[in-house]
Amino acid sequence: MPAKVLVTRRQFEEEMDRLRAAADTVVLTRPAPATRPELLEAVRGCTAIFAHITDQIDAEVMDAAGDSLKVIAEFGVGYDNIDVNAASERNIAVGNTPGVLTETTADFAFALIQAAGRRLAESDRFVRKGEWKWFDPLDLLGQDINGSTLGIVGLGRIGSSVAKRALASGMNVVYHNRTQPEDDLGCTRVGSLDELLAKSDFVSIHCPLTPETNGLIGKAQLEKMPKHAVLINTARGPIVDTDALTDALRDGTIAYAALDVTNPEPIPTDHPLLSMENVTLLPHIASATVGTRRKMSQMTVDNILAVLRGELPPDCVNSERINWG
Ligand code: 8YV
């Protein structure tokens with residue numbers, strides 16, 4: 001019997017053809033993600049799940065798939081939607097797509113730093129609403145990027161690439177990391193997150209979502225930031241406490257936020273953040289270029305095809321816990 005592969009969202013056809021050549025491939029093509037009952041039904045008998053951030057792949061889903069399940073291949077570098085421990089206990093490999101989206105995501109994070117500093121989205125709304133009636137030298141004043149300090153929370157692959165862009169634009173860069181990176185590119189390591197928050201004009205988040213980073217930026221942390229500070233989040237929504245951020249933007253604790261990720265996601269259209277001028281909201285598109293999404297799709301398929309051949313995925317996050325004898 002051919003192996004069954006479930007792809008939970010529509011994907012690049014040429015990559016789906018590579019899967020179809022090797023396995024019985026089911027692609028869920030509806031515009032909305034599968035509901036929980038649909039997912040539990042769709043995974044039955046699968047060898048591989050091509051998963052997306054919208055899928056909560058926990059022990060219940062793994063057990064619904066049954067003993068056939070050998071790999072969960074995430075379309076993305078972050079895999080916080082997968083219970084990796086539950087997968088390892090069941091000898092299921094978990095794959096992801098590191099590296100390939102680093103520069104694209106860093107481009108986008110730096111674009112948000114610039115867009116927030118210079119109030120681009122707000123200025124666009126100003127023109128569209130017909131509010132641009134005359135020249136006013138004191139209208140829509142932003143903050144300089146050059147000469148200001150960027151604080152990077154998590155100087156890993158993406159954080160380092162953002163740092164390179166910031167240094168090239170004349171910013172000072174400070175960072176907070178659990179471990180000392182091999183090359184800090186000339187950035188300054190600070191002793192604590194609080195110190196970083198107090199020193200930075202712009203703060204950009206680049207750490208993964210883990211139990212330790214969930215709610216990392218809450219009321220107390222926002223209060224450490226200067227009043228003119230800008231917060232950028234392209235990592236994961238739950239790292240920032242949404243209610244605390246909403247209050248901080250409303251009462252002037254900080255000046256601005258640019259968020260590619262939110263909690264919840266999508267952010268409801270009646271959420272107070274949507275009516276505030278000092279926040280720019282994007283629909284989780286930091287990696288969304290044709291080239292990068294194609295490469296992510298290709299890597300996800302490569303991870304699955306390796307397992308169908310009996311090998312570990314080339315990018316496997318739990319390889320040391322897998323024993324296929
Ligand atoms: C993806 C991401 O868009 O790689 C990640 O961790 O957040 C994004 O690149 C997302 O995972 C889509 O499934």
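One-based numbering, in listed order, for ligands and for the atoms of each. No hydrogens, no waters, no symmetry mates; every other heavy atom, side chains included, goes into these values.
- Of the protein's heavy atoms, Val77 N, 2.8 Å lies nearest to atom 4 (O) of ligand 1.
- Of all atoms in ligand 1, numbered sequentially from 1 with element shown, those under 4.0 Å from a heavy atom of Leu101 are 4 (O), 9 (O).
- Remark: ligand 1 and His284 share an N or O pair separated by less than 3.5 Å (distance only, no angle test).
- A salt bridge between Arg18 and Asp302 is present, with a side-chain N of the basic residue lying under 4.0 Å from a carboxylate O of the acidic one.
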Legend entry - Pair Asp243-Lys219, salt bridge (charged side-chain N to carboxylate O under 4.0 Å, His left out): steps then yes or no: CA-CA 9 Å; Asp243 291 343; Lys219 186 175 188 304; over 6 Å; no
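- The nearest heavy-atom contact from the protein to atom 12 (C) of ligand 1 is Phe75 O, 3.6 Å.
- In this model, no donor atom of one side chain and acceptor atom of the other lie less than 3.5 Å apart for Asn146 and Ser169.
- The shortest separation from a heavy atom of Arg9 to ligand 1 is not under 4.0 Å, leaving the residue out of contact.
- Under a 4.0 Å N-O distance rule, the pair Lys129/Glu277 qualifies as a salt bridge.
- Looking at Asn214 and Arg236, their side chains never bring a donor and an acceptor atom within 3.5 Å of each other.
- Ranked by closest heavy atom to atom 3 (O) of ligand 1, the top entry among Arg293, Met296, His52 is Arg293.
- Ion pair Arg36/Glu41 not flagged as a salt bridge, since none of the NZ, NE, NH1 or NH2 atoms sits closer than 4.0 Å to an Asp/Glu carboxylate oxygen.
- Listed by number with element, the atoms of ligand 1 under 4.0 Å from a non-hydrogen atom of Arg236 are 2 (C), 5 (C), 6 (O), 7 (O).
- With respect to the salt-bridge test (charged N to carboxylate O, under 4.0 angstrom), the residues Lys227 and Asp251 do not qualify.
- The protein atom (non-hydrogen) at minimum distance from atom 9 (O) of ligand 1 is Ser287 OG, 2.8 Å.
- The N/O atoms of Gly76, backbone and side chain alike, include none that comes under 3.5 Å of an N/O atom in ligand 1.
- Ligand 1 has an N or O atom lying under 3.5 Å from an N or O atom of Gly78, backbone or side chain.
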